[in-house]
Amino acid sequence: MIRVYNTLSKTKEPFETVTPGKVGIYLCGPTVYKPSHIGHMVGPVIFDAIKRYLVYSGYEVTLVINVTDVDDKLIVESANQNVPMSELAAEMTADYMRNLKAMSVESVDHFPRATENIDEIIRLTATLVEKGFAYESAGDVYFDVAQCRDYGKLSGRSADQMQGEGGEAAGRKRSAADFALWKSAKPGEPSWPSPWGNGRPGWHIECSAMSRRLLGRTFDIHGGGLDLVFPHHENEIAQSESAHGQPMAKYWMHNGLMQASDEVGKVGGRNTRAAEGDLASQEAGKISKSRGSSAFRDLLAQFSPETIRFFLLSTHYRRPIDYSEARIEQVGTGMEAFYRFFKRFERVAGESFHALPVAARRVQGEFDSGKDPLLVDVTRHRQAFLDAMDDDFNTGGATGALFELVRRLNKFVDDEKLEAGAKGKDAAVAALRQGTVTLRELAAALGLFLKPVEEKQVKADSLVDDLMALLIDIRNESRKKKDFATADRIRETLTKLGITLEDRPGGTEWSRK
RNA sequence: GGCGCCGUAGCCAAGCGGCUAAGGCAGCGGAUUGCAAAUCCGCCAUCCCCGGUUCGAAUCCGGGCGGCGCCUCCA
């Protein structure tokens, strides 16, 4: 039984879908006016893992992430850069997509764009006007919050509690809390014809319109960053539920925000600033660049995508994460244990980890461990993983189980002395393989270790290979002659060059850092 | 001011009333190794403070202290 924390009820609830066996998920994506930073990857990575896990658990899942490509910020930025809004949006959308791809976020079924759904948006807006939930004012259309009796149920606020002054549109609104469904176009702004004149959608209406089109009037999970609870999701609920008279989503899931540890505020947020000290403008830029708010693609130059993904999944999704490069590095160090085990498995079993079959569904991954001590433990760790994930997608606990599993597998290889030669140890190798298949299955359910890591910088260089073979040869001859001074000199010098030698029963191997 | 979150070892982190408080990084000791690397084993926390509920609390309630988010664009 999967349980999900619902922001609406502030409790964990049993996960029961609207339609048995099917799950619809809508995740609020970015406004594409600048390159994405790491904060933009948190939701997609988590929800990609959630979708994979739900599919693995037997559901048929549709995952939608929207892209907001018309918006005030976009208009301002395109004017600054003197490029058409659509061009800027296309460029930034491409950047976003590249980043998602690097993060192995591959499970998204639809990326609807606001500008491609104007008709649907206008239809929904018109419905709200007809039903008396919205009103036109000088070419704008506003949602009338006073007409929505349970406004504030998601964020725990009431309309009269709003401090806002209503912004620049205050004069056209009946109440400061009212928000725009449709904004009339000023000269030169991108616009579309509508019953209220030329204009463009307000910020929230697109999600109501596009989720309805792709997932229906009531769908299962609506996700987004915690910062979207109010006003964005509150307003989506008001729009959709007023228009349809039924709940918009069963479960509202919000991920914690990425925070810059040395700054106040979330990564990329407007309030982000150095925690103390008044920084010279150029210095401030540098610092913010060295924190999480720099373009995500720059981060990719520094860390492997898989390390960043693992980093994001190493804690529970609702918990805020402090961005720190040292932490990502630590995660990377920990992950090496997996990569080393994959190589070890290949040496012992003669089979690539990445060539092992992956159970598409958890029931397919079950096996009879009998009384085999290794397999009994493997089953136990597998269960710990599943229990963690079933409990509100606790990826932190789940990755912990993965570490325990590799350690158990390594111990087995040690105990059975499989590295010294696997001849006549078919049963042991078979058990190891079963355990490793389980590791692959569970990791895949999180979207981890799907493909072999790209051998970084180690270009196929036959000269280097040949020279290394020569050095290793000379060193091993020295070792045979007990000339350890020469042997150690070779190894130590190589260590300084960033090359590690490992003497194993099967021979000496080298690797570059 | 209003709404809400968090405070577990040097660092990160799981834990959601009851086995000896997962796991990772760092450190220390040991096995293994000619010595290493890798691997394995062991060591390293009574859970911010004070009350309360309970046979029993890191886990529930109240009050502090500390950190943070939102209320305005925002993943």
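Note on naming: letters A, B, ... go to the chains in the order of the sequence lines (proteins, then strands), and numbering restarts at 1 for each one. All values below were derived from every heavy atom in this structure, side-chain atoms included, with hydrogens, water molecules and symmetry-related copies excluded. Given the structure is predicted, the values throughout are model-derived calculations rather than measurements.
- Residue Arg491(A) places a side-chain atom within donor-acceptor reach of the base of A36(B), judged by atom type and a 3.5 Å distance cut-off alone.
- Taking side-chain N and O atoms only, Arg319(A) has a distance below 4.0 Å to OP1 or OP2 of A13(B).
- Base pairing analysis places U72(B) opposite nothing; no Watson-Crick or G-U wobble pair with both distances below 3.5 Å involves it.
- Between Arg479(A) and the phosphate of C35(B), there is no side-chain N or O to OP1/OP2 separation shorter than 4.0 Å.
- Remark: Asn410(A) is in phosphate contact with C40(B), judged by side-chain N or O atoms under 4.0 Å from OP1 or OP2.
- Of the possible polar contacts, one joining the Thr395(A) side chain to the Thr315(A) backbone as a donor-acceptor pair under 3.5 Å is found.
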Using distance only, find each side-chain donor-acceptor pair of residues 69-77 of chain A under 3.5 Å and give its atom names and separation, not counting sequence neighbours.
unit_1, atom_1, unit_2, atom_2, d
Asp69(A), OD1, Ala114(A), N, 3.4
Asp69(A), OD1, Thr115(A), N, 3.0
Asp69(A), OD1, Thr115(A), OG1, 3.4
Asp69(A), OD2, Thr115(A), OG1, 2.6
Asp71(A), OD2, Lys73(A), N, 2.7
Asp72(A), OD1, Arg200(A), NH1, 2.6
Asp72(A), OD1, Arg200(A), NH2, 3.4
Asp72(A), OD2, Lys183(A), NZ, 3.0
Glu77(A), OE2, Gln81(A), NE2, 2.8

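- Where Ala485(A) and Arg344(A) meet RNA chain B, the nucleotide closest to each residue was compared, and Ala485(A) sits on the side nearer the 5' end.
- Across all strands shown, Gly224(A) has heavy atoms under 4.0 Å from sugar-phosphate atoms exclusively, and none from any base.
- Residue pairs satisfying the side-chain hydrogen bond (donor to acceptor under 3.5 Å, both in side chains) criterion with at least one member in residues 38-53 of chain A, sequence neighbours excluded, are listed as follows: Asp48(A)-Arg52(A), Asp48(A)-Ser107(A), Asp48(A)-Arg309(A), Lys51(A)-Asp109(A), Arg52(A)-Glu106(A), Tyr53(A)-Arg362(A), Tyr53(A)-Asp390(A).
- For a distance-only test at 3.5 Å, the side chain of Lys12(A) qualifies as a donor-acceptor partner of the base of C16(B).
- In the interface, the side chain of Asp322(A) is not paired with the base of C68(B) through any donor and acceptor atom under 3.5 Å apart.
- Within the 4.0 angstrom heavy-atom criterion, only backbone atoms of the sugar-phosphate kind lie near Asn394(A); the bases stay farther away.
- Using a 4.0 Å heavy-atom distance criterion, Gly152(A) is classed as making no nucleic acid contact.
- Partner assigned to G66(B) is C6(B), using Watson-Crick or G-U wobble distances below 3.5 angstrom.
- The residue Lys10(A) sits close only to the backbone: its heavy atoms come under 4.0 Å of sugar-phosphate atoms, none of a base.
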Quick one: which protein N/O atoms are closer than 3.5 Å to N/O atoms of nucleotides 24-32 of chain B? Pair and distance per line, please.
unit_1, atom_1, unit_2, atom_2, d
G24(B), N2, Gln330(A), OE1, 3.4

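- C25(B) sits 10 Å from C40(B) when the P atoms are compared, rounded to a whole Å.
- At a threshold of 4.0 angstrom between heavy atoms, the contacts of Thr495(A) with the nucleic acid are absent.
- Distances shorter than 4.0 Å separate some side-chain N or O of Thr31(A) from OP1 or OP2 on A75(B).
- Taking atom CE of Met258(A) as the reference point, atom P of C68(B) lies 17 Å away to the nearest angstrom.
- Residue Arg475(A) is classed as a base contact, given a heavy-atom separation below 4.0 Å to a base.
- Using a distance-only test at 3.5 Å, with no hydrogens or angles considered, no donor-acceptor pair links the side chain of Asp392(A) to the main chain of Asn394(A).
- Across the protein-nucleic acid pair, Phe342(A) atom CZ and A38(B) atom C1' stand 16 Å apart, rounded to whole Å.
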